[in-house]
Each structure stands twice: as structure tokens, then as C-alpha cells.
Amino acid sequence: ALIRGALAGLFWVALLFTVSRAAMAATAACLTIVTAVEVIEELTRRRARAGKIIGYTAPIVLGMVVVFAATVGERFVARIPELGSDSAIRGQMCTTYLAAAGQAPPAGYGLGSFAAINTGLVDPANFRSLWNLGAAHNIFLQWRLEGGVIGSSLMWAALACLLLDAALR
């Protein structure tokens with residue numbers, strides 16, 4: 001339990017440093033679902049009181065909110081108005097990188113090759129969107145580019161194994 005807590009704290013700090021709106025929204029959704037499942041299991045298995053469980057989890061959630069607000073809250077809020085323009089850029093990125101992934105060799109262009117791939121894809125029409133990117137901002141698409149069909153298939157197989165293992169526990 002101590003190792004899981006330390007890893008969760010490490011992941012939380014790493015997430016804060018990204019200031020990624022999508023990552024934070026996904027994390028909040030996952031934490032909500034996991035917490036709800038844990039509370040339901042605890043209530044049905046041990047007949048514990050909901051107040052006791054909430055008493056344990058509320059300070060943790062409150063602490064996370066305080067750390068978030070103190071570290072990156074202002075930068076995160078400042079990025080919210082950019083959602084409209086960011087979605088257009090992400091759409092152009094996705095279209096450009098999907099086309100490139102379709103032309104990639106079976107083993108892709110090589111892990112860590114995104115910067116070189118991106119440089120080759122920049123043209124006058126997409127320059128403003130793509131010129132300074134160091135990542136595709138979509139792990140599945142980036143794996144398809146760098147690892148090709150073979151590498152991305154292995155990634156999906158590994159993910160399926162993790163999900164299957166979690167479902168069987």
C-alpha cells in the first residue's frame with residue numbers, strides 16, 4: 001500500500017507539471033470512478049458507514065485540490081480560453097499525422113523519431129500549427145507513426161493484457 005501511495009503521488013506530481021487539460025480531466029474522471037467503486041465495495045463488503053469512508057477520502061481529495069491550486073492552478077485556468085483554437089490545431093495535427101501514419105513502413109519510422117517526422121510534414125499550410133511540436137499529443141497516433149503497425153499492435157496487445165488482468169482480479 002505504501003508503494004502504491006508513493007507511486008500515486010509521483011504520478012500526481014508528474015501530471016501537475018504537464019498542465020494538460022485533457023490529462024487532468026481524465027485523471028479526475030478516473031479518480032471519481034475508482035473512489036466510487038471503492039466506496040461501494042467497502043459498503044457492501046464490510047458494512048462500513050459511508051461517513052467513515054468519506055472521512056478518510058475527503059482530506060486526501062482536498063489536499064490534492066490545494067496542491068493543484070497552489071502549483072499550477074493559475075496556468076491551468078489561463079489555458080481554458082484557448083480550448084477553441086487548440087481544438088482546430090489538434091484537428092489539423094490529427095489529419096496530418098494520420099495521413100503520415102498510413103504511409104509509414106510496417107515497423108514505423110523508429111522510436112524517438114517524431115521530431116524528424118514532424119519536420120518533414122511541415123508545409124506553408126500547416127506551419128503555424130506544427131512547426132514547434134515535439135510530440136503528436138496523442139500517444140496512440142505517435143506510436144503508430146514511430147512504431148508502425150507492428151509497434152502499435154504490440155502497444156495495444158500490452159494494454160489489452162493490463163486491462164484483462166485488472167478485470168480478472
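Below, each value reflects all heavy atoms present in this structure, side chains not excepted, and no hydrogens, waters or symmetry copies.
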How many angstroms lie between [atom1] in [X] and [atom2] in [Y], if you round to the nearest 0.5 Å?
X: Thr119; Y: Phe114; atom1: OG1; atom2: CZ; value: 9.0 Å
X: Leu159; Y: Leu164; atom1: CG; atom2: CG; value: 11.0 Å
X: Phe127; Y: Asn132; atom1: CZ; atom2: CG; value: 8.5 Å

Within one Ile-Leu-Val-Met-Phe-Trp-Tyr cluster: [X] and [Y], side-chain cutoff 4.5 Å:
X: Leu130; Y: Tyr109; result: yes
X: Leu133; Y: Trp131; result: yes
X: Met93; Y: Leu98; result: yes
X: Trp156; Y: Leu163; result: yes

Ignoring hydrogens, what is the shortest heavy-atom contact between [X] and [Y]? Give both atom names and the distance.
X: Leu145; Y: Ala101; value: CD2-N, 3.6 Å
X: Val149; Y: Ser153; value: O-OG, 2.6 Å
X: Met155; Y: Phe140; value: CE-CD2, 3.4 Å
X: Arg144; Y: Ser152; value: CD-OG, 3.6 Å

Judged by atom type as modelled, is there a donor-acceptor pair below 3.5 Å linking the side chain of Asn118 to the main-chain atoms of Ala115? no
Exam field: side chain Asn126 to backbone Gln92, donor-acceptor pair closer than 3.5 Å: no
Less than 4.5 Å apart, side chain to side chain, heavy atoms only: is that true for Tyr97 and Ile117? no
